[in-house]
Amino acid sequence: MNVVELHNRAVANFAELVSGVAPEQWTAPTPCTDWDVRALVNHVVGEERWTTPLMQGRTIAEVGDTLDGDLLGDDPAGAAAAAAREAELAATWSIEKVHLSYADEDPPEYLRQLAADHLIHGWDLAVAIGVPPRLDAELVAEVGAWFEDREEIYRSAGMVGAPLAGFTDPADALLAAFGRDPRWSPASEVIERFGNAFAAGDLDTLMSLVTDDIVFESTTPPDGGRFEGADAVRAEWAKLFAETTDLGFEVEETVVLGDRAVVRWRYSWSSGHVRGVDVFRLRDGKIAENLAYVKG
């Protein structure tokens, strides 16, 4: 595939996804744990805005800080569409070298880097806003073949996370090579944050992740204590943290399916430990039900 076509198809796909972001979704979590939807889109728009001066032969020093900060303004979708059009045009220009941060680079290599970033971040955005990912088979094949020879370079530079094994579908395998879990969903992010907050005994963060009508069933035999509503659940968790010395909480496995999740865990304290599972139900991005069970 011609490299300009590869780049422009990936850029157009991302811009189309941005046009579908609902107003309430700009603060939603993404697979890029440091970025919400708006930060993710701002990053990609920044790359697109950089494409024009770099394909004109300008250096990073010449551009300076003019493209730093928020590039989306009050109309993120409009800003993304305009940046995409500019990047698609710039990709057609002829230039001998592109002056990147690490070295002068051949333009086709630079455009392939951008295409890969748009393809992967397009998946990030799609799963974050709950629409079908658009991993076109031709684009996946092109980016996969290109990335195969560069994966260790990217990983050693800290540009991608650790690879995940066990995926055979070409699109899933590519995502896994980029350190993405193809099974990720917004619920995955909520469950991960919940586990981290529980391990830290961070009651305020825990409560920010649950609904006002949260239902929690503890592990107290034979059927578990049942606590309904945020106030009752907060009081129970506060009691648990207060009575536990040297608290330890380790997640052993997490499985998320739609609005349901199951987490296997090991809970320890100064004189012992138990292993068990939590069964979660989520609603509108928060935990509405947490049923806990332990090995008897």
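All values reported here derive from a predicted model rather than from experimental measurement.
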When you check the gap from the basic side-chain N to the acidic O, do Asp68 and Arg49 get nearer than 4.0 Å? no
Indicate yes or no for a side-chain donor-acceptor contact from Ser218 to the backbone of Gly225 under 3.5 Å, with no hydrogens or angles considered. yes
Rounded distance [0.5 Å steps], NE2 in His43 versus CH2 in Trp35: 4.0 Å
Report yes or no: do Tyr267 and Thr244 form a side-chain donor-acceptor pair below 3.5 Å? yes
If the threshold is 4.0 Å, N to carboxylate O, is there a salt bridge linking Glu142 and Arg9? no
Rounded to the nearest 0.5 Å, how far does CG of Asn196 lie from CG of Leu206? 10.0 Å
Apart from Leu164 itself, residues in the same hydrophobic cluster as defined by side-chain heavy atoms under 4.5 Å: Phe167
When rounded to the nearest 0.5 angstrom, what is the spacing between CD1 in Ile214 and CZ in Phe227? 12.5 Å
Side chain to side chain donor-acceptor pair (under 3.5 Å) partners of residues 85-98, not counting sequence neighbours, each pair once: Lys97-Asp106
With a 6.0 Å cut-off on the ring centroids, do Trp237 and Phe216 count as close? yes
With a 4.0 Å cut-off, would you call Arg38 and Asp36 a salt bridge? no
Does a donor on one side chain sit under 3.5 Å from an acceptor on the other, for Gln113 and Trp146? no
If only atom types and distance count, is the side chain of Arg180 paired as donor or acceptor with the main-chain N or O of Phe178 below 3.5 Å? yes
Describe, in one word, how the ring planes of Tyr154 and Phe147 are oriented to each other, choosing from parallel (under 30°), tilted (30 to 60°) and perpendicular (over 60°). perpendicular
So which pairs with a foot in residues 253-264 pass side chain to side chain donor-acceptor pair (under 3.5 Å), sequence neighbours left out? Glu252-Arg264, Glu253-Arg264
